[in-house]
J.: 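There's a structure below that I have some questions on.
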Protein chains: 4
Amino acid sequence: MGTQQAVHDPPPPSARVQRKRGKRIQEILNAAAELFGERGYDAVSLEHVAERLDVTKGSLYYYFSSKDELGTAAIETLGDEWTARLERLLGQTPGTPGARLRALIHEHVGIAVHDHPAALRLFLVPREWPAEQRERIKGLRRRHDTLFRTLVEEGIASGEFTVTSIDTVLQCMHAAMSQAPIWCAELPAAARKKAVAEVADTLMALVRSAP
Amino acid sequence: MGTQQAVHDPPPPSARVQRKRGKRIQEILNAAAELFGERGYDAVSLEHVAERLDVTKGSLYYYFSSKDELGTAAIETLGDEWTARLERLLGQTPGTPGARLRALIHEHVGIAVHDHPAALRLFLVPREWPAEQRERIKGLRRRHDTLFRTLVEEGIASGEFTVTSIDTVLQCMHAAMSQAPIWCAELPAAARKKAVAEVADTLMALVRSAP
Amino acid sequence: MGTQQAVHDPPPPSARVQRKRGKRIQEILNAAAELFGERGYDAVSLEHVAERLDVTKGSLYYYFSSKDELGTAAIETLGDEWTARLERLLGQTPGTPGARLRALIHEHVGIAVHDHPAALRLFLVPREWPAEQRERIKGLRRRHDTLFRTLVEEGIASGEFTVTSIDTVLQCMHAAMSQAPIWCAELPAAARKKAVAEVADTLMALVRSAP
Amino acid sequence: MGTQQAVHDPPPPSARVQRKRGKRIQEILNAAAELFGERGYDAVSLEHVAERLDVTKGSLYYYFSSKDELGTAAIETLGDEWTARLERLLGQTPGTPGARLRALIHEHVGIAVHDHPAALRLFLVPREWPAEQRERIKGLRRRHDTLFRTLVEEGIASGEFTVTSIDTVLQCMHAAMSQAPIWCAELPAAARKKAVAEVADTLMALVRSAP
DNA sequence: GATGAATGAGATTTCATTCAT
DNA sequence: AATGAATGAAATCTCATTCAT
């Protein structure tokens with residue numbers, strides 16, 4: 001369990017929001033993201049979150065003005081951290097678009113499977129959330145996607161990739177990467193590493209189709 | 001004492017038998033599946049369901065002994081119908097494994113996008129459901145998967161497909177097909193038909209990889 | 001319009017013994033008495049009763065106009081049968097008041113323990129029952145008590161018994177006899193017969209006190 | 001990950017710990033015991049309890065995680081207090097086992113009649129309560145009984161009492177004492193004191209039988 | 001005589017939220 | 001910063017009762 005070896009970067013790389021800088025907040029956010037991911041947003045009560053942190057329900061309201069706020073912030077934090085890791089990886093990975101894309105997919109699935117199983121649930125945002133919150137979350141997805149899209153476009157431009165519909169390819173890729181942790185959860189822990197690599201290899205086929 | 005003929009073992013006379021599959025039940029199941037798919041299982045109250053059917057919520061308990069039961073039954077019905085349609089299609093589609101697989105994917109995505117948008121939600125079964133219900137739902141998935149797996153295996157045997165890990169390919173395929181309705185929901189209705197075809201084409205790449 | 005159907009008097013449930021009519025009614029009454037005794041009046045739903053009889057809830061309303069009616073009738077039946085057995089016994093048992101009283105107690109406790117465990121629950125009549133029903137049930141108790149009271153009075157008159165307060169003695173006796181099945185339920189079946197005899201012996205002390 | 005120090009074994013974070021025995025809890029327990037005793041456990045809704053305390057029913061769940069929990073706790077409190085009073089009395093009452101037993105019975109019946117009419121109802125524990133709760137309640141009974149049993153044994157040892165079956169005697173005694181408040185409830189208030197004394201005198205016969 | 005269907009009132013339970021301290 | 005207490009709305013579920021067939 002609780003394996004993610006927390007990226008202890010100094011302050012969040014993105015001075016994204018006015019997020020108060022306590023480490024307490026980070027603890028709450030982590031616990032919340034974990035729980036929401038595990039059981040789904042609706043199924044997790046604030047008491048669950050509080051209990052895991054060993055504080056009382058009410059005290060969460062000191063940091064967040066509502067459950068939705070907490071939910072949004074948790075997803076945002078997760079997304080930020082996630083994107084940051086992907087960006088860092090890209091910075092360290094030279095080579096052709098193909099090589100870099102494969103590495104990116106591999107890292108993404110790895111994060112999902114090892115550190116955020118069931119994050120998929122998190123992105124199934126409740127319909128009734130206010131538009132502003134929904135937008136914030138979609139923004140995350142976009143930044144995320146851009147990383148992949150850029151590489152795919154480079155590969156197409158260089159003739160390395162052949163793709164009919166870039167949007168479709170990206171959507172399929174994302175879907176598969178998001179679900180991966182769910183089916184991998186049923187694999188013995190030892191087999192997961194290999195599964196992650198297989199997913200990366202398999203998904204590369206999406207950009208190398210020969211018509 | 002006197003006359004009662006049967007030994008009623010457990011004091012709590014709960015076990016509600018599978019009721020007849022009358023027309024009414026089907027109506028309830030349909031309404032429920034629709035709503036659960038639209039907004040997620042947790043977000044739909046029995047009152048919502050009852051309202052859509054124009055009955056009182058209590059009366060749902062005549063047919064189902066709990067919300068979970070209703071949920072499971074709704075998924076099951078959906079899955080059965082879905083599989084039946086896929087099987088029917090396969091029966092009518094001759095040709096190579098490749099041609100038939102493409103048709104199968106196309107049909108599957110088509111059903112998802114046009115008839116059961118957001119069915120994905122339905123299959124994200126609440127963790128806390130009793131094991132028996134979870135098993136029932138996994139069974140559905142298995143039957144479903146078998147259709148695809150058989151074709152893929154045929155294609156491999158005939159040399160038409162090249163696949164590294166058949167399990168991984170099937171999982172990725174399924175993930176993409178399940179999510180399709182979610183992103184298609186944002187497309188203008190006119191564009192969806194084309195999107196479905198594109199998904200089918202794109203996913204075929206997963207079995208035609210040339211190393 | 002009014003007078004015509006006066007002739008039709010569907011068996012008015014008011015009349016004390018419309019009961020011999022139909023062995024079906026007896027079956028219902030037996031099942032109900034048993035269940036009410038086992039788990040308490042409130043905890044037994046009409047569905048429980050119906051289920052044990054393998055009919056539907058609604059059909060009970062053909063025989064009884066309400067749950068309370070059924071409850072009252074069940075108690076009444078039980079009480080009548082019980083009293084009848086006691087009277088029969090007395091008719092067959094000659095001897096001194098002491099011998100006869102002991103036999104009576106023995107029989108009463110025996111019925112309770114062997115045939116109607118937990119009948120005690122039945123006599124804890126819900127407070128909110130209409131006065132008329134409560135009266136009917138008190139009437140039962142009185143008939144019952146009279147059997148004991150008569151014998152005790154005879155014993156006092158003959159000098160065989162010494163009793164300070166006859167009312168108190170009868171109440172204590174009754175209390176102990178009613179509870180007996182509850183504690184005997186925890187005894188191994190083989191030991192119950194002996195326990196019944198011991199209760200009878202013990203309770204005789206209540207009328208044989210020497211000041 | 002960060003801070004959660006404990007391995008929270010079962011996902012459902014239900015286990016509500018025994019809360020502090022503040023004054024408020026006592027108020028709730030008293031109100032509940034009173035109501036349950038008056039009308040029977042099943043017939044008392046949490047709203048009744050809340051109403052009497054002038055709070056909302058939801059707030060009871062801050063203290064107790066279910067109605068059963070509240071029920072058990074109420075009985076337990078009642079039983080504890082009751083036993084304590086009996087023990088205190090014994091501490092203050094010198095004399096032969098006979099004198100002390102009579103005082104004990106008198107006190108017990110007095111408490112029942114004057115302070116907890118219908119406590120009997122409380123001890124008719126619903127069958128469907130979880131075994132653990134049933135055990136807790138049986139434990140109470142045992143502590144209670146021990147007080148009486150010890151005295152009876154002393155009396156036998158000293159030759160003051162003659163008893164065939166000590167278990168049976170204790171059970172009968174207990175039954176009579178428990179029911180006393182029910183029949184006394186119908187007496188005019190003025191007569192109750194005398195009735196209590198009579199019960200005590202009458203029950204003493206159970207240990208003084210001369211064969 | 002009996003059933004299947006439905007209702008409506010009320011019960012238990014959950015939970016986001018507020019607030020005084 | 002945090003807690004304990006409480007609230008109120010809504011959700012799940014139960015059940016006696018009715019009624020057309």
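Hydrogens, waters and symmetry mates play no part in the numbers below; they use all other heavy atoms, side chains included. All chains are named by letter (A, B, ...) in the order of the sequence lines, taking the proteins before the strands, and each is independently numbered beginning at 1.
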J.: Could you tell me how far apart D:Y63 (OH) and E:dT14 (C1') are, to the nearest whole angstrom?
T.: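 My rounded result for the distance is 18 Å.
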J.: Go through residues 36-45 of chain D and report each residue with a non-hydrogen atom lying under 4.0 Å from DNA chain E, sorted by number.
T.: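 Result for residues 36-45 of chain D: D:V44, D:S45, sorted by number.
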J.: Figure out the CD/C1' separation between A:E47 and E:dC15, and round it to whole Å.
T.: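 The answer, rounded to whole Å, is 9 Å.
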J.: Please list each protein N or O that sits under 3.5 Å from an N or O in nucleotides 17-21 of chain E, with the distance.
T.:
from   : atom 1 : to    : atom 2 : distance (Å)
E:dT17 : OP2    : A:Y61 : OH     : 2.9
E:dT17 : OP2    : A:K67 : N      : 2.9
E:dT17 : O5'    : A:Y61 : OH     : 3.3
E:dT17 : O4     : A:K57 : NZ     : 3.4

J.: Dot-bracket notation for DNA chain F is requested: 5' to 3', Watson-Crick or G-U wobble pairs only, both distances under 3.5 Å, with ( ), [ ], | and . as defined.
T.: .||||||||||||||||||||
J.: Just to be sure I understand the geometry, which residues of residues 27-35 of chain D put a non-hydrogen atom under 4.0 Å away from DNA chain E?
T.: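 DNA chain E contact set from residues 27-35 of chain D: none.
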J.: I want to check one thing: is the phosphate of E:dA2, taken as OP1 and OP2, less than 4.0 Å away from some side-chain N or O of C:R24?
T.: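 Answer yes for this pair, as a side-chain N or O of C:R24 is under 4.0 Å from OP1 or OP2.
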J.: Rounded off to whole Å, could you give me the CG-to-P distance for the C:L70 and F:dC15 pair?
T.: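 Distance check: C:L70 CG to F:dC15 P gives 15 Å.
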J.: Would you mind reading off the distance between D:I25 atom CD1 and F:dG4 atom C1', rounded to a whole angstrom?
T.: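 Taking CD1 of D:I25 and C1' of F:dG4, I get 12 Å after rounding.
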J.: With D:Y41, which residues qualify under ring-ring contact (aromatic ring centres under 6.0 Å, His included), at least two apart?
T.: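 If we apply the ring-ring contact (aromatic ring centres under 6.0 Å, His included) test to D:Y41, skipping adjacent residues, the hits are D:F36, D:W129.
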J.: Quick one: side-chain contact (heavy atoms from CB on, under 4.5 Å) partners of A:S45, sequence neighbours excluded?
T.: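 Partners of A:S45 under the side-chain contact (heavy atoms from CB on, under 4.5 Å) test: A:E47, A:H48.
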J.: Rounded to the nearest angstrom, tell me the gap between atom CG in B:D54 and atom C1' in E:dT7.
T.: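 About 13 Å, once rounded to whole Å.
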J.: Rounded off to whole Å, could you give me the CG-to-C1' distance for the B:L60 and E:dG8 pair?
T.: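 The distance from CG of B:L60 to C1' of E:dG8 comes to 14 Å, rounded to the nearest Å.
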